[in-house]
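Reading through the structure tokens given below for one structure.
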Amino acid sequence: MTPTLQNTPTDYVPVLMQAAVVIGFVVTVMLATHYLGPARKTKRKLQNFECGIEQVGNARSPFSVKYFLIAILFVLFDVEVIFMYPWAVNFRELGAFGFWEMLIFMGFLLSGFLYLFLKGAFTWDRFNKPEGH
Amino acid sequence: MDSNINNFTIVDAPEGISGSGFFATSLDKAIGLARLNSLWPLPFATSCCGIEFMATMAPHYDLSRFGMERLSFSPRQSDLLMVMGTIAKKMGPILQEVYVQMAEPRWVIAVGACAASGGIFDTYSVLQGIDRVIPVDVYVPGCPPRPEQIINGILKIQDLVHNESGRRRNSPEYKELLAKYGIE
């Protein structure tokens with residue numbers, strides 16, 4: 001009979017035991033530190049830490065959608081710049097083809113930018129200005 | 001300087017009963033030993049004493065060898081508040097808030113004349129010693145103190161940590177002390 005490499009489910013029991021020991025240890029230690037460790041749970045202590053300054057209001061308050069637009073636009077052009085770094089490093093190898101490819105890529109993003117511009121996404125105080133401006 | 005990596009010392013075992021294959025000591029002693037060598041300081045540096053503290057943490061004086069490798073800038077993870085520098089009266093409540101939000105048990109060291117007593121700034125705007133807002137365990141004199149003095153203060157704190165009874169923080173005296181500062 002030739003030796004064969006056979007895996008039976010029982011071969012993995014040690015792995016399960018190891019997992020049980022690891023998870024058991026973590027859970028036990030966390031429970032032990034929470035229940036046995038000294039603690040002083042006052043309202044003042046359990047407040048959010050804001051560098052010692054009393055907290056004011058709630059962080060989850062509505063804010064103007066303009067900030068969201070700015071953030072998304074930043075991410076868009078940030079990613080574009082990230083793409084340009086490896087492109088610049090390999091500029092010679094890619095040759096004229098790579099140059100035109102990048103120009104097309106930037107053209108796409110710039111057309112989106114132009115669309116936003118024409119839509120008036122950058123006129124922040126559109127609603128505050130009096131008529132005729 | 002001997003750079004031999006084997007040339008380090010290990011802490012001595014606390015007093016206890018030992019026999020073949022076992023060692024028994026009181027829980028307070030074992031915990032004290034563990035705590036004193038693993039204090040996590042929170043540096044609250046507001047002026048020139050903070051500069052001395054930088055020297056103390058730097059390789060020449062190397063505070064890390066006392067088990068303080070890791071400075072914490074969140075009070076949640078630290079048990080030693082190191083107040084270094086002038087504390088203005090407006091800073092007082094902030095200092096107290098930081099103290100209140102620290103992990104239990106906690107110790108405080110006031111480094112320098114300003115933190116201890118207001119120092120030369122005997123004016124309307126400066127807190128005349130941080131012990132007006134939080135309880136202080138060790139005062140380090142000097143204006144500013146040399147790193148050696150700060151290390152001496154740290155060793156004094158380690159003495160306190162080492163010999164603190166596990167019941168101290170639940171004693172009526174301690175609660176009274178905290179109540180004096182308006183801390184629960």
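Quantities reported herein were computed from a predicted structural model and do not represent experimental measurements. Chain letters run A, B, ... following the sequence lines, proteins first, then strands; residues in each count from 1. Side chains included, hydrogens not; waters and symmetry mates left out as well; all remaining heavy atoms used.
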Check your understanding: Parallel, tilted or perpendicular for A:W87 and A:F99, by the 30°/60° rule?
Key -> parallel

Practice item. Indicate whether any N or O donor in one side chain lies under 3.5 Å from an N or O acceptor in the other, for B:R169 and B:S171. Key: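 Judged by distance alone, the side chains do not pair up.
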
Can you say whether [X] sits under 4.5 Å from chain A via the side chain, the backbone, both, or neither, judging by heavy atoms?
X: B:L178; result: side chain
X: B:M102; result: backbone
X: B:F73; result: backbone

Check your understanding: Is the shortest distance from a Lys or Arg side-chain nitrogen in B:E97 or A:R44 to a carboxylate oxygen in the other one below 4.0 Å?
Key ->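 Salt bridge: yes.
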
Check your understanding: In terms of heavy-atom proximity below 4.5 Å to chain B, should A:Q47 be classed as side chain, backbone, both, or neither?
Key ->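 Contact with chain B is through both the backbone and side chain of A:Q47.
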
**Study point:** Contact leader toward chain A among B:V100, B:I31, B:L95, B:V98, where contacts are heavy-atom pairs under 4.5 Å
**Key:**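 Looking at each of B:V100, B:I31, B:L95, B:V98 in turn, B:V100 comes out on top.
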
Point to revise | Nearest-0.5 Å distance that lies between atom CG in B:D137 and atom CG in B:D131 | key: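 These two atoms lie 11.0 Å from each other.
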
Practice item. Kindly indicate whether a cation-pi arrangement holds for B:R106 with B:Y99, taking the cut-offs as under 6.0 Å to the six-membered ring centre and within 45° of the axis. Key: yes

Point to revise | Residue among A:E54, A:E50, A:K45 with most heavy-atom pairs under 4.5 Å to chain B | key: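 Among A:E54, A:E50, A:K45, the one with the most close pairs to chain B is A:K45.
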
